[in-house]
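Quick note on labels: first sequence line is chain A, next is B, and so on, each numbered from 1.
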Amino acid sequence: ETGVTQSPTHLIKTRGQQVTLRCSSQSGHNTVSWYQQALGQGPQFIFQYYREEENGRGNFPPRFSGLQFPNYSSELNVNALELDDSALYLCASSLQGGSYGYTFGSGTRLTVV
Amino acid sequence: AQRVTQPEKLLSVFKGAPVELKCNYSYSGSPELFWYVQYSRQRLQLLLRHISRESIKGFTADLNKGETSFHLKKPFAQEEDSAMYYCALSGLAAGNKLTFGGGTRVLVKP
C-alpha cells in the first residue's frame, strides 16, 4: 500500500506566474483534498475532488483550480501568483466521507517572490 | 460555519507529567472529530478519531457535545510526544472537508 505522494517538494515562483502541483492518492482512496498551510497556522481547506468532480470548496479565489484524473491523482493550479500564496500545500486522500480519516502527503513548499 | 479553536499555541510539560490539549468546536449537526499530529520533519498523520473511541500512543480524547469540546489527554507525557497537534472537524454538513484548528505545539522536557 502506497501513501500520498506530492511533487515537487519545493518550488520558487515569481509573482504573476502560474504553478501546477501534483498529488498521487493512496491506493484505494477515491477522494482528494487540497489544503494551504501558511507558516504558524493550521491547514486551510482549498477544495476537494471526488470522481473527477469538485465537490467542495473553501474560501479561495477562482485562480485556485484543480483536476482529478481517472486514477484519482490530482493537480492544483494557481494562476496569477501573489506573494501571500507562499505556503505549504498539502494533499490528502480518503475514502468518500472521510470517517476513517485522511492520509496526507508531505506537501509542496511554494515560495512566491 | 464550522470552526475549531485550540486556545494554547504552546504547551510545555516535564516528562511523566500529564498533558491535556484543549479543542473546542462549533458545528451544526453531528461532527466527526479528529486529532492529527506532526512530528518534526514528518508529514501530518492521524492520531485518533472520536468514532473509534481508541487510545493511540497513550492518548485519549472524549467528545463532549454539551461543551462542544474534544480535548486530547495523556496521563504521562514522553519526550517522543513533542510535536505539533491539530484538532480537526468534519461531517456531512461540512461536505466532509476537514476544518483544522490553529495547532498546539507540545514540548516535553526531560
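Side chains of A:Tyr102 and B:Ser90 form a contact here, defined as non-hydrogen atoms less than 4.5 Å apart. Between A:Tyr35 and B:Leu44 there is no side-chain heavy-atom pair separated by less than 4.5 Å.
The number of heavy atoms from other shown groups lying within 6.0 Å of CG (A:Asn71) is above 12. For A:Arg63, the CZ atom is densely surrounded, since the number of other residues' heavy atoms within 6.0 Å is greater than 12. In this structure, A:Lys13 places its NZ atom where more than 12 heavy-atom neighbours from other residues, nucleotides or ligands lie under 6.0 Å away. For B:Leu10, the CG atom is densely surrounded, since the number of other residues' heavy atoms within 6.0 Å is greater than 12.
The shortest heavy-atom contact between A:Ser106 and B:Arg43 is OG-NH2, 2.9 Å. B:Lys97 approaches A:Gln48 most closely through the heavy-atom pair CA-OE1, 4.3 Å.
Chosen from B:Ala88, B:Gly101, B:Gly102, the residue pairing most often with chain A at heavy-atom distances under 4.5 Å is B:Gly102.
Note on A:Val32 and A:Phe60: same hydrophobic cluster, where clusters join Ile, Leu, Val, Met, Phe, Trp and Tyr whose side-chain heavy atoms are under 4.5 Å apart, directly or indirectly.
The CG atom of B:Leu98 lies 8.0 Å from the OG atom of A:Ser94; values are rounded to the nearest 0.5 Å.
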